[in-house]
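What follows is a short report on a single structure.
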Amino acid sequence: MPGFELFGEEEKKEIADVLDTGVLFRYEFPEQRKGIYKVKELEDKFAAYCGVTHAQAVTSGTAALKVALMALGVGPGDEVITQGFTFVATWEAILDVGAIPVFTEVNETLNMDPADLRKKINDRTKCIIPVHMLGSAAEISEIISIAEEFGIPVLEDTAQAAGGKVNGRSLGSFGRCGTFSFDPVKTMTTGEGGMIITNDEQLWRNMSEYHDHGHDHIPNPGTRGGEGRNFIGFNYRMMELQGAIGIAQLAKLDFMIKQQKQHKAKLQQAALSIPGVTLRKIIDAEGDSATFFAFLLADKEQCQRVNRHLREKGAGAINFSENTWHFYPQWEHLLAGSTLTSSGWPFSTPEGKRRVVYSPELLPKSTAILERTLVFPISVKMDDDRLKNICEALQGAAAV
Ligand SMILES: *Cc1c(COP(=O)(O)O)cnc(C)c1O
């Protein structure tokens with residue numbers, strides 16, 4: 001799972017470069033910074049790593065989603081389709097631009113069900129956000145072809161799958177744009193931070209200007225501040241220290257994934273000894289970022305029995321149907337429409353009329369799948385004792 005396990009001299013050296021100049025801001029200070037532009041360097045390296053032309057760094061993965069939605073022109077009156085198994089950030093960003101999140105089922109990829117996506121598209125749908133949950137790809141080709149049929153842009157929430165690929169192509173590069181998170185538990189981390197990638201130059205310009213208070217990023221002969229403004233913006237700028245850490249972490253990303261894959265393969269083999277078990281559907285095992293290992297039991301009852309055994313052996317797994325941060329029926333604030341605004345926005349109109357009501361029974365298929373799914377986070381430095389402990393617990397679960 002996390003790059004924080006590998007913090008070392010490489011990160012320290014990159015940070016020291018920034019502290020030596022004293023320039024923490026990604027723009028300005030041309031003389032003082034001695035040619036050091038860490039955020040720009042991270043953007044260029046991340047774009048090259050993903051095989052795209054443009055990357056825009058921002059303050060978080062949530063900011064990345066919001067900046068991308070703004071750049072795509074999504075706002076009030078629009079609907080954005082995403083899946084009901086994701087981190088809350090995905091729909092927070094949709095609501096924050098004033099649009100309404102519409103949730104699809106997940107299938108045995110634990111990602112967006114393309115058949116359900118098709119059913120949920122209507123005239124108001126302005127963006128589709130599949131999420132590559134738990135490190136593994138959504139059925140991205142099917143999703144893109146449905147989106148193309150209706151002329152709707154796809155934004156891939158790749159927060160949990162940096163470095164993942166399908167047929168050699170980076171996740172996040174299939175849609176109009178893709179977003180990443182570098183928060184403390186993501187595969188590569190900058191403490192807080194995010195990135196958006198795209199091959200669309202105009203879309204990138206919109207992101208770049210929006211995230212920087214609307215400064216037009218046209219080369220300006222005067223100093224910064226002399227530019228014009230094409231539209232209202234906001235501040236989601238990444239700072240140089242984060243850019244520096246990101247450069248060191250990106251250089252380790254392939255190594256992290258390689259380690260995780262080896263650990264995942266061992267757990268997978270042990271889990272297959274449990275009768276009735278099936279593995280999560282993986283689109284491309286070669287391109288899997290292997291940050292998590294998920295497997296499905298025959299039913300909820302067996303799933304609970306197996307997890308009880310695993311817990312007794314000190315190797316309990318996560319059941320995401322019970323997880324309050326990642327699964328639709330557990331989001332009590334979404335279901336209740338809780339907000340700090342006095343009008344009730346974004347769940348209600350400025351006049352106080354309810355815009356949308358979410359029912360906890362909306363996604364029976366996702367619930368049925370997640371209730372019988374168990375998940376282990378995979379880390380880079382899983383030592384042999386820990387791996388052996390989990391594998392033995394899994395093998396022992398065959399008898400329960
Ligand atoms: C972590 C995460 C985000 C948000 O990223 P932050 O950097 O924590 O804001 C968005 N989507 C998904 C699926 C995530 O897991």
Side-chain angles (χ1 to χ4, degrees), residues 1-4 39 42 46 55-70 74 80-97 99 101 103-104 106 109-112 127-138 140 143 154-164 171-172 174-175 177-197 207 211 234-239 241-243 245-246 249-250 253 260 280 289-292 294 318 320 323-328 330-331 334 366 370 375 377-378:
M1 187 161 59
F4 69 71
V39 176
L42 174 61
F46 199 81
Q56 178 62 52
V58 290
T59 45
S60 71
T62 313
L65 287 161
K66 176 159 180 209
V67 170
L69 286 166
M70 287 299 287
V74 176
V80 175
I81 302 178
T82 189
Q83 59 206 48
F85 175 47
T86 182
F87 182 55
V88 292
T90 318
W91 53 265
E92 285 173 343
I94 298 168
L95 284 164
D96 209 54
V97 301
F103 296 97
T104 71
V106 295
T109 62
L110 305 186
N111 290 323
M112 183 176 277
C127 183
I128 297 166
I129 310 186
V131 187
H132 303 293
M133 278 299 276
L134 308 179
S136 304
I140 194 66
I143 291 166
V154 171
L155 186 180
E156 297 169 70
D157 183 342
T158 322
Q160 299 194 5
L171 297 180
F174 288 83
C177 55
T179 59
F180 296 80
S181 162
F182 306 142
D183 84 18
V185 295
K186 295 300 179 358
T187 314
M188 62 173 271
T189 181
T190 59
E192 294 282 2
M195 190 73 81
I196 313 149
I197 59 170
M207 293 169 184
H211 106 293
F234 212 80
N235 177 4
Y236 291 110
R237 290 182 303 242
M238 182 183 268
M239 69 191 279
L241 290 170
Q242 295 160 296
I245 297 169
Q249 286 270 299
L250 178 60
L253 183 54
Q260 290 173 167
R280 172 189 189 179
S289 77
T291 51
F292 290 86
I318 305 169
F320 276 100
N323 182 293
T324 60
W325 286 101
H326 296 85
F327 187 42
Y328 175 92
Q330 307 284 359
W331 296 325
L334 177 90
S366 305
L370 291 174
V375 177
I378 307 284

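We number each residue from 1, following the sequence as shown. In listed order, ligands and their atoms are each counted from 1.
With sequence neighbours left out, the salt bridge (charged side-chain N to carboxylate O under 4.0 Å, His left out) criterion links R280 to no other residue. Partners of Y236 under the ring-ring contact (aromatic ring centres under 6.0 Å, His included) rule, at least two apart in sequence or in another chain, are F234.
Between F46 and F182, the ring-plane angle classifies as perpendicular under the 30° and 60° cut-offs. Ring geometry for F87 versus H326: interplanar angle of 30 to 60°, hence tilted. Ring pair F103/W331 is tilted by interplanar angle, where 30° to 60° counts as tilted.
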Does ligand 1 have any N/O pairs with the protein under 3.5 Å, and how far apart?
from	atom 1	to	atom 2	distance (Å)
ligand 1	5 (O)	S181	OG	3.1
ligand 1	7 (O)	G61	N	2.7
ligand 1	7 (O)	S181	OG	2.7
ligand 1	8 (O)	D183	OD2	2.6
ligand 1	9 (O)	G61	N	3.4
ligand 1	9 (O)	T62	N	2.9
ligand 1	9 (O)	T62	OG1	2.5
ligand 1	11 (N)	D157	OD1	3.3
ligand 1	11 (N)	D157	OD2	2.8
ligand 1	15 (O)	Q160	NE2	2.8
ligand 1	15 (O)	K186	NZ	3.1

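Within the structure, salt bridge (Lys or Arg N to Asp or Glu O under 4.0 Å) contacts touching residues 59-68 (residues at least two apart or in different chains) are K66-D96.
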